[in-house]
Amino acid sequence: MEQIKIIVAGPRGKMGREALQLIERTAHFSLVAAIDRTHDGETVRDVTNIPLDAMIYTDAEQCLNNVDADVLIDLTIPEAGKRHAKMALEAGVSPVIGTSGFSQHDIAQLTELAEAKETGCIIAPNFALGAVLMMKFAKTAAKYMPDVEIIEKHHDQKLDAPSGTAVKTAEMIRDVREQKHQGHEDEKEILPGARGADVDGMKVHSMRLPGLVAHQQVIFGSNGETLTIQHDSIHRVSFMSGVQLAVETVQSLNTLVYGLDELID
């Protein structure tokens, strides 16, 4: 397989380190640079102890325009992911972005840019293949059991709520489910927010606790039965199979793909 030259944003972060280790163990991946807020001019080996000698840049635009790269991996935070995706597309580098918090407006703008540059871009709220299957199974179940609530649970350092995975799941269910009010018509919240966020009548709940990584339940209810579809990421390495799939696929695209469900039959 042809070598894929990769830039990683946030090499010192927990997800960034997982991405570096993915590159290290994948024969057809090579790290050509990294983008970090500090350590300009040092090497990835110097600051992470991972044996990769690519140089670190603090100026993302300089890195993307001066380094010969095929793909940018950004698994950092929404603000950086949005900024780096735009810069990468403008430089002709295909972004693989693993942060949530992208609005429909953000996606539309980046799609327009990707198509103008004829450069592929993949943005996924969750790169765990099991989580993607959970979303696809939930969409199928919603055709037959339209009463549904979503509970997502993440570590207490996560900045956005609900998670991008929960939002994407709700959007996929909404595609096959008519809007409806769930629960008693006279239901009242004694504590505001107790019933969670509302997406076309389905409720979305967020938990944030230390000790969690990324977890989601999609619970369906019908007469005399319930169905629970659950996914648990117990280690961040669970996201790397999806990152690898995205990196290997993105250069064959000339538009933006939102969600790995679009790449899985």
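Residue indices begin at 1 and follow the sequence shown. Only heavy atoms go into these numbers, but all of them, side chains included; no hydrogens, no water, no symmetry mates.
With sequence neighbours left out, S252 forms a side-chain hydrogen bond (donor to acceptor under 3.5 Å, both in side chains) with no residue at all. By the salt bridge (Lys or Arg N to Asp or Glu O under 4.0 Å) test, D40 pairs with no residue at all, sequence neighbours left out. Applying the side-chain hydrogen bond (donor to acceptor under 3.5 Å, both in side chains) criterion to H235, with sequence neighbours excluded, gives no partner residue. For R236, the side-chain contact (heavy atoms from CB on, under 4.5 Å) partners two or more places apart in sequence, or in a different chain, are K14, M15, E18, H155, V213, F239. A161 meets the side-chain contact (heavy atoms from CB on, under 4.5 Å) test with S206, R208; sequence neighbours excluded. Checked against side-chain hydrogen bond (donor to acceptor under 3.5 Å, both in side chains), E115 has the following partners two or more places apart in sequence or in another chain: T255. Residues that satisfy the salt bridge (Lys or Arg N to Asp or Glu O under 4.0 Å) test with K188, not counting sequence neighbours, are absent from this structure. The salt bridge (Lys or Arg N to Asp or Glu O under 4.0 Å) test applied to D198 returns K203, not counting sequence neighbours. Residues passing the side-chain hydrogen bond (donor to acceptor under 3.5 Å, both in side chains) test with T26, sequence neighbours excluded: none.
No more than 12 heavy-atom neighbours from other residues, nucleotides or ligands sit within 6.0 angstrom of CD on E178. Within a 6.0 Å radius of CD in Q230, more than 12 heavy atoms belonging to other residues, nucleotides or ligands are found. For E187, the CD atom counts as densely surrounded, since its 6.0 Å shell holds more than 12 non-hydrogen atoms of other residues, nucleotides or ligands. More than 12 heavy-atom neighbours from other residues, nucleotides or ligands sit within 6.0 angstrom of CG on L209. Dense packing is recorded around CD of E225, with more than 12 heavy atoms of other residues, nucleotides or ligands lying under 6.0 Å away.
Partner S94 forms a side chain to side chain contact (heavy atoms under 4.5 Å, CB included) with one of V247, I6, T119 and no other, that one being T119.
In this structure the side chain of I264 never reaches within 4.5 angstrom of the side chain of M135, judged on heavy atoms. T38 is listed as a side-chain neighbour of R12, based on a closest heavy-atom distance under 4.5 Å. Contact check for R174 versus M202: side-chain heavy atoms found under the 4.5 Å cut-off. Two residues are said to be in side-chain contact when any heavy atoms from C-beta on lie closer than 4.5 Å; Q62 and N65 fail this criterion. Within the 4.5 Å cutoff, the side chain of H84 has no heavy atoms near those of the P95 side chain. The shortest side-chain heavy-atom distance between H39 and T58 does not fall under the 4.5 Å cut-off.
In this structure, L245 is not a member of the same hydrophobic cluster as I97, with clusters built from ILVMFWY side-chain heavy atoms closer than 4.5 Å. L22 and V71 fall within a single hydrophobic cluster, where Ile, Leu, Val, Met, Phe, Trp and Tyr side chains are chained together by heavy-atom contacts under 4.5 Å. Hydrophobic clustering (ILVMFWY, side-chain heavy atoms < 4.5 Å, transitive): L133 and V243 are in one cluster. By the rule that hydrophobic residues join a cluster once side-chain heavy atoms approach within less than 4.5 Å of another member, L72 and M55 end up as members of one cluster.
Closest of all the heavy-atom pairs between P11 and R17 is O-CG, 3.3 Å. Heavy atoms only, all atoms of each residue included: I73 and A19 are closest at CG2-CB, 4.3 Å. When all heavy atoms of A138 and V218 are compared, the closest pair comes out as CB-CG1, 4.0 Å. Here the closest heavy-atom approach between residue T43 and residue I56 is recorded as O-CD1, 3.8 Å. Closest heavy-atom contact between L253 and C121: CD1-O, 4.3 Å. Across all non-hydrogen atoms, the minimal contact from F127 to G98 is CE1-CA, 3.3 Å.
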* Asked: Is there a side-chain contact (heavy atoms from CB on, under 4.5 Å) between L20 and T48 once you walk through the steps?
  -> CA-CA 9 Å; L20 293 176; T48 67; 4.2 Å; yes

* Asked: I122 and L263: side-chain contact (heavy atoms from CB on, under 4.5 Å), yes or no, with the steps?
  -> CA-CA 10 Å; I122 295 175; L263 305 181; 3.8 Å; yes

* Please test L75 against M240 for side-chain contact (heavy atoms from CB on, under 4.5 Å), starting from the C-alpha separation and ending with a verdict. => CA-CA 11 Å; L75 309 174; M240 291 304 110; 4.0 Å; yes

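Sorted by first and then second residue, the side-chain hydrogen bond (donor to acceptor under 3.5 Å, both in side chains) pairs with a member in residues 237-250 read H28-E248, S233-S238, Q244-E248; sequence neighbours excluded. Contacts classified as side-chain hydrogen bond (donor to acceptor under 3.5 Å, both in side chains) and involving residues 129-146 (residues at least two apart or in different chains) are not found. Listed by first and then second residue, the side-chain hydrogen bond (donor to acceptor under 3.5 Å, both in side chains) pairs involving residues 120-134 are N126-T165 (not counting sequence neighbours).
Ion pairing between a basic and an acidic side chain is recognised when a charged N comes within 4.0 Å of a carboxylate O; D147 and K180 show such pairing. A salt bridge is absent between R83 and E79; no separation between the charged side-chain nitrogens and carboxylate oxygens falls under 4.0 Å.
Here the CD1-NE2 distance, from I150 to H205, works out to 9.0 Å after rounding to the nearest 0.5 Å. Note: T76 OG1 to R37 CZ = 9.5 Å, rounded to the nearest 0.5 Å. Within the model, atoms CG of L212 and CG of D232 stand 9.5 Å from one another, a figure rounded to the nearest 0.5 Å. Between the CD atom of E149 and the CZ atom of F220 there is a distance of 11.5 Å, given to the nearest 0.5 Å. With rounding to the nearest 0.5 Å, the separation of CD in E61 from CD in E90 is 7.5 Å. With values rounded to the nearest 0.5 angstrom, I35 atom CD1 is found 5.5 Å from I7 atom CD1.
The closest side-chain donor-acceptor pair between Q216 and E152, if any, does not fall under 3.5 angstrom.
Side-chain atoms of Q251 do not come within 3.5 Å of backbone N or O of V93 as any donor-acceptor pair.
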